[in-house]
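Protein chains get the first letters and strands the later ones, always in sequence-line order, with residue 1 at the start of each.
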2 protein chains.
Amino acid sequence: MSETSREWPRPKIRPRKAEVRNDQIFETAARLFYEKGYAATSLQDLANAVGLQKGSLYYYIDSKKDLLFAVTDYAHTFFVELTQNAEAEGGTPLQTLERMLYQHARFAAEHFHVTAAFYNERSALSDEYQERIVATRDAYEASLRRLVRSGQEAGEIAADLDPRLAVFGVLGMLNWIHQWYRPGGELTPSEIAAALSRQAVRSLLPRTDAD
Amino acid sequence: MSETSREWPRPKIRPRKAEVRNDQIFETAARLFYEKGYAATSLQDLANAVGLQKGSLYYYIDSKKDLLFAVTDYAHTFFVELTQNAEAEGGTPLQTLERMLYQHARFAAEHFHVTAAFYNERSALSDEYQERIVATRDAYEASLRRLVRSGQEAGEIAADLDPRLAVFGVLGMLNWIHQWYRPGGELTPSEIAAALSRQAVRSLLPRTDAD
DNA sequence: ATGAATTTCTGACGATCGGTAGATCGGACG
DNA sequence: CGTCCGATCTACCGATCGTCAGAAATTCAT
């Protein structure tokens, strides 16, 4: 369905240091932040999980906050690029919309640890970074709303929908994935993304028969 | 649209003690848990917010955990009763479904502080209580899935939908409300609930024209 | 085998946390 | 006026937190 799906490099918490440990710490931190929340996850927990002493973590990280930043920024970067590539590839507004929602949903499933932290732990980040995240989120939502309005003008999308509410609705469908998705189930992230983005689009279509 | 909407009494953190302070502490705690998360909210924060000394809080509460329990249980009780009243009032499966989603959405908007804590801070609760919450959630989702299947058999709902995924989708639309709703906006919780439950139902309808 | 570089451990620090005990305040009531 | 009691404050405890400096261990090229 989409070939815009390359793999994202792990953010380097500290460049040039042991890559394996770096990745392990990043992924374990994301998982713990997801399971217990950022504030409730102690560096002792993280050290135990990766098999290091608490102090040894500081060879790889600068602070606990920077660790959350690394996790959060992984999702942040995704949404920045998704917004930038929004209008590419052409097609009708509805087709463009479904393409974006599909990519969004697939990322949300494949990286549900990161996505959960991105949405739940924003308040623990620095004020400046919070503002950047909010700006990115607003730009992303605005581009979705623009597509909804274009679709309404083209008659592809139900005219009686409030674009703001409708976008919140479809975003909720996708951003809820991390609450229930677990790898190893019957469906792959791609299949889930295809089904949910299709259902989301369905919620926007005009009714063809009487109500 | 629904007259099942009575007001819910504040849970008594400690009965017979000054009600005003009780309510104030409950609501402030819910707001702080929502804003900063349970673990990141110190009793000092709460004491400052209500204008008391930290130690004085223990005249009203038994522990910090019990405070989260009180907040969480407010939402938990709602879902228990919503599940129990699911099949009442009659109507087609789709009508019953929309009625439940409407009530769900309205609660999510009116009590978005509580709802956010209910979904985000589950891991901070005792294991036994977590199990009760999960059981309630599963029963609720099962009753929604049952309605979707009945609707599919009756031809009201698109037959090609996976009931599990479809229910997760509509629940996401509603449970995402606390991320964007703020009181004082243009729309009331009732209006938001009406629009979103309608959009959710739309996402389930069979397409009448070709695809 | 040697030495440098990388990785990990030890042990401590100041701060903050949830929680407790006892003193204090002020109004109600006899 | 004295007593009582609900409500609040003050002061403190032990535990845990994130962080750091420096030593120890390990790895690796030469």
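Comparing atom distances between the A/Ser63 side chain and each of D/dT8, D/dT19, C/dT8 picks out D/dT19 as nearest. Among the nucleotides C/dT7, C/dG19, D/dT19, the one closest to the side chain of B/Leu43 is C/dG19. Counting only heavy atoms from C-beta on, A/Ser42 has its side chain closest to D/dG18 among C/dC17, D/dC9, D/dG18. Comparing atom distances between the B/Arg21 side chain and each of D/dT8, D/dT19, C/dT6 picks out D/dT8 as nearest. Set against C/dC17, C/dT6, D/dC20, the side chain of A/Tyr59 has C/dT6 as its closest nucleotide.
Side chain B/Lys64 to base C/dG19: no donor-acceptor pair is found below 3.5 Å.
Counting to the nearest Å, the P atom of D/dC17 and the CG atom of A/Leu46 are 12 Å from each other. Atom pair B/Asp45:CG and C/dG18:C1' shows a separation of 13 Å (rounding to whole Å applied). As rounded to whole Å, 13 Å separates atom C1' of D/dA24 from atom CD of A/Gln53.
Looking only at distances, no side-chain donor or acceptor of A/Gln103 sits under 3.5 Å from a matching main-chain atom of A/Met100. Of the possible polar contacts, none joining the B/Gln179 side chain to the B/Trp176 backbone as a donor-acceptor pair under 3.5 Å is found.
The aromatic rings of B/Tyr140 and B/His104 are tilted relative to each other, their planes meeting at an angle between 30° and 60°.
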